[in-house]
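Computed from a prediction, not measured in an experiment: that's the story for all the values here. Scope of the values below: all heavy atoms of this structure, side chains included, with no hydrogens, waters or symmetry mates. In this chain, numbering begins with 1 at the start of the sequence shown.
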Amino acid sequence: MNYKLQLISFLVSFIYGIFFYCTSLLNYKMIKNHSIIIKYIITFVYILNISLIYILIMYKVNFGIIHIYFIIVLFLGFYFGSVYCKKLRKFCKVKKKKLK
């Protein structure tokens, strides 16, 4: 695998990690009021879908070659997404004004 293909794979893994964080937040918000069995089933299907989509994307990018460092970059993207989202929430907080 040449260096251009590896850099593209790193970038795709990083962006997919951010996407994974955003969709996992959405998944959590959608299932938080359901029963525990429904939560486990939906979470299992969600993780299965996310991992299959990642494998499909990597197949399109670099013929399905997945190294451990692509997975590490994926989790770095997940971590970056969580930190960035927290900072964005703090920055965008709106203060409520009291009405008299």
Open item on the list: If you define the side chain from C-beta out and look only at heavy atoms, does anything of Gln6 sit under 4.5 Å from Tyr69?
Closed with: yes
- [ ] Check Phe70 against Ile65 and note the closest heavy-atom contact, atom names and distance.
- [x] CE1-O, 3.6 Å
TODO: Measure the shortest side-chain to side-chain distance between Ile57 and Val12 over non-hydrogen atoms and say whether it is less than 4.5 angstrom.
DONE: yes
- [ ] Mind checking the NZ-CD1 spacing from Lys4 to Ile8? Nearest 0.5 Å is all I need.
- [x] 8.5 Å
Task: Hydrophobic cluster membership, Leu26 vs Tyr79, 4.5 Å side-chain cutoff - done: no
Open item on the list: Side-chain heavy atoms nearer than 4.5 Å, only ILVMFWY residues, links allowed to pass through others: does that put Ile53 and Tyr59 together?
Closed with: no
Task: Donor-acceptor side-chain pairing of Thr23 and Tyr46 below 3.5 angstrom - done: yes
TODO: Start with the C-alpha gap between Leu11 and Ile15, add the side-chain angles, then the distance that decides, and say whether side chain to side chain contact (heavy atoms under 4.5 Å, CB included) holds.
DONE: CA-CA 6 Å; Leu11 183 65; Ile15 291 171; 3.9 Å; yes
Open item on the list: Quick check for you: to the nearest 0.5 Å, what is the distance between Asn49 atom CG and Ile42 atom CD1?
Closed with: 11.5 Å
Open item on the list: Could you see if Tyr28 belongs to whatever hydrophobic cluster contains Phe19? Use Ile, Leu, Val, Met, Phe, Trp, Tyr and a side-chain cutoff under 4.5 Å.
Closed with: no
Task: Reported OG-to-CZ distance for the pair Ser51 and Phe20, which is rounded to 0.5 angstrom - done: 8.5 Å
TODO: Classify the ring geometry between Phe78 and Tyr21 as parallel (under 30°), tilted (30 to 60°) or perpendicular (over 60°).
DONE: perpendicular
Open item on the list: Taking Ile41 as the starting point, is it possible to reach Ile36 by hopping between hydrophobic residues whose side chains are less than 4.5 Å apart?
Closed with: yes
Task: Donor + acceptor pair across side chains of Tyr54, Ser13 (<3.5 Å) - done: yes
- [ ] Dump the intermediate steps for side chain to side chain contact (heavy atoms under 4.5 Å, CB included) on Leu56 and Leu52, then the final yes or no.
- [x] CA-CA 6 Å; Leu56 180 67; Leu52 289 176; over 6 Å; no
Task: Point-to-point distance, once rounded to the nearest 0.5 Å, from CD1 of Ile38 to OG of Ser35 - done: 4.5 Å
- [ ] Write down the atom of Cys85, the atom of Leu25, and the distance for their closest heavy-atom approach.
- [x] SG-CD1, 4.2 Å
- [ ] Test Ile31 against His34 for side chain to side chain contact (heavy atoms under 4.5 Å, CB included), laying out the working first.
- [x] CA-CA 6 Å; Ile31 67 170; His34 292 287; 4.3 Å; yes
Open item on the list: Nearest 0.5 Å, please: how far is CG in Leu74 from CD1 in Ile66?
Closed with: 9.5 Å
Task: Donor-acceptor contact present, side-chain Thr43 to main-chain Tyr40, <3.5 Å - done: no
Open item on the list: For Tyr84 and Phe80, take the angle between the two ring planes, folded into 0 to 90°, and tell me which bin it lands in: parallel under 30, tilted 30 to 60, perpendicular over 60.
Closed with: parallel
TODO: Could you grab the distance from atom CE of Met30 to atom NZ of Lys39, nearest 0.5 Å is fine?
DONE: 13.5 Å
TODO: May I ask you to check whether over 12 heavy atoms, not counting those of Leu48, lie within 6.0 Å of atom CG?
DONE: yes
- [ ] Over all heavy atoms of both residues, which pair between Val61 and Ser9 is shortest? Give the atoms and the distance, please.
- [x] CG1-OG, 3.8 Å
Task: side chain to side chain contact (heavy atoms under 4.5 Å, CB included) assessment of Ile50 paired with Ile47 - done: CA-CA 5 Å; Ile50 285 292; Ile47 294 297; 5.5 Å; no
